[in-house]
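Here is the structure we will look at.
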Amino acid sequence: MKIRHNLRQLQIFQEVVRTGSLSKAARRLELSQPAVSTAIANLEEEVGFLLFRRNHYGTELTAEAQHLAEGVDKVLASVKHLGELSEGLRQGQAGKLTLGCMPGLSPTAMPQIMADYLRDHPDSQLSLQTFSSTKIHDWVAEGQFDLGVIETQDDLHELEVTPYRLRMHVALPPESPLARRRVITPKDLHDRPMITLNEHHQSTLKLRDAFRAEGARCRAVIETHLFPSAISLVNAGLGHALVDPVSADSFLKRRDCRVTVVPFEPAIDLEIALITSRFHPPSRHCQRFLPYLEAGLEAWQQHSRQPLMGEA
């Protein structure tokens, strides 16, 4: 037999079970007692067995009704959860937001941005995933990540893009004779040991162009994958490096920091982008988080044009 009871019948049944009385259940639900009796009778007809017996103390559940009551509690709890989830999604307060971030900014800029957001929206769930810019690009385009922060690439036609430019600085090794300079130029670094990212990275290409324009030699002695690694190598006295301001600012706060950071001219910017998918509309949660991320990246963009903590 197919059961077609409705949620209202189940709610009435649950209240009768809780109160042990049809009249008490009617008062709690603000219904007439005949309405409660009719709902129970209809439910009994649908399930095919007796739910309650009258005794000297009130209404008593049958053995079958006791088992049914357990299932009804679970169903109504699930319905309540579904309602709360739907409301949370409508308000942008539910659902996990997945943010992909390039390695340089993930452990530095992102924690504070996320902290600001969660302070205002403590019930939100965030997932920070650190991958290469290429992978984040692909996964945001496919809808696997809600949004991403990457180094700017050529092929961004599948994405909505907000660009940012972070002014880069030169990290000088301990006791460098250039530490008192207000500005470092390619000629100052002529034939000095340089630590760079890979030869195809935008910072390395721009740095070599700047050296070439002034007739200076860029003598790269160490190549690494990340700016934090480059600064650590500078800290060990192994050379000089052009680094992004976020990594530099973070490293300058370390107790073991021995580097000096100085502006570089001509100015070189690290071009990054905030991306979302053009073909997968952002969720309400994503729309609510975006202003915090945009404000955080804009603040770093402005900060990068000011002297850093360790600059001469």
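These values consider heavy atoms only, across backbone and side chains, with no hydrogens, waters or symmetry-generated copies. Worth saying up front: this structure is predicted, and the values here are computed from it rather than measured.
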Original post:
Do the ring planes of Tyr117 and His121 sit parallel (below 30°), tilted (30 to 60°) or perpendicular (above 60°)?
Top reply: tilted

Original post:
So which pairs with a foot in residues 243-271 pass ring pair (Phe, Tyr, Trp, His ring centres under 6.0 Å), sequence neighbours left out?
Top reply: none

Original post:
How many angstroms lie between atom OG1 of Thr38 and atom CG of Leu43, to the nearest 0.5 angstrom?
Top reply: 12.5 Å

**OP:** Nearest 0.5 Å please: distance from the NE2 atom of His280 over to the CG atom of Leu159.
**Re:** 11.0 Å

Original post:
In chain order, what residues pass the side chain to side chain donor-acceptor pair (under 3.5 Å) check against Ser106, with sequence neighbours excluded?
Top reply: Thr130

**OP:** List in chain and number order the residues that pass side-chain contact (heavy atoms from CB on, under 4.5 Å) with Ser203, two or more places apart in sequence or in another chain; answer none if no residue qualifies.
**Re:** Met168, Leu197, His201, Phe227

Original post:
What residues form a side chain to side chain donor-acceptor pair (under 3.5 Å) with Gln11, not counting sequence neighbours?
Top reply: Arg8

Subject >> Arg258: side chain to side chain donor-acceptor pair (under 3.5 Å) partners, not counting sequence neighbours >> reply: none

Original post:
Among pairs that include at least one residue of residues 229-242, which meet side chain to side chain donor-acceptor pair (under 3.5 Å), considering only residues two or more places apart or in two chains?
Top reply: none

Subject >> Within-4.5 Å side-chain heavy-atom neighbours: Ser133 and Gln153 >> reply: yes

Subject >> Counterpart residues, side-chain contact (heavy atoms from CB on, under 4.5 Å), relative to Ala248 (two or more places apart) >> reply: Ile231, Val243, Val261, Leu308

**OP:** Tell me, please, which residues at least two apart from Tyr164 pass side chain to side chain donor-acceptor pair (under 3.5 Å).
**Re:** none

Subject >> Side chain Asp138, main chain Lys135, donor-acceptor under 3.5 Å >> reply: no

Original post:
Has Glu175 got more than 12 heavy atoms of other residues, nucleotides or ligands less than 6.0 Å from its CD?
Top reply: no

Pairs under 3.5 angstrom only: tabulate donor-acceptor contacts from the side chains of residues 213-225 to other protein residues two or more places apart or in another chain.
unit_1, atom_1, unit_2, atom_2, d
Arg217, NH1, Asp191, OD1, 2.5
Arg219, NE, Asp191, O, 3.0
Arg219, NH2, Asp191, O, 3.2

Original post:
So do the side chains of Thr19 and Arg28 get within less than 4.5 Å of each other, counting heavy atoms only?
Top reply: yes

Subject >> Pairs touching residues 133-154 that satisfy ring pair (Phe, Tyr, Trp, His ring centres under 6.0 Å), sequence neighbours left out >> reply: Phe131-Trp139, Trp139-Phe145

Subject >> Residues forming a ring pair (Phe, Tyr, Trp, His ring centres under 6.0 Å) with Phe211, sequence neighbours excluded >> reply: none

Original post:
Among pairs that include at least one residue of residues 271-283, which meet salt bridge (Lys or Arg N to Asp or Glu O under 4.0 Å), considering only residues two or more places apart or in two chains?
Top reply: Glu160-Arg278, Arg165-Glu271, Lys206-Glu271

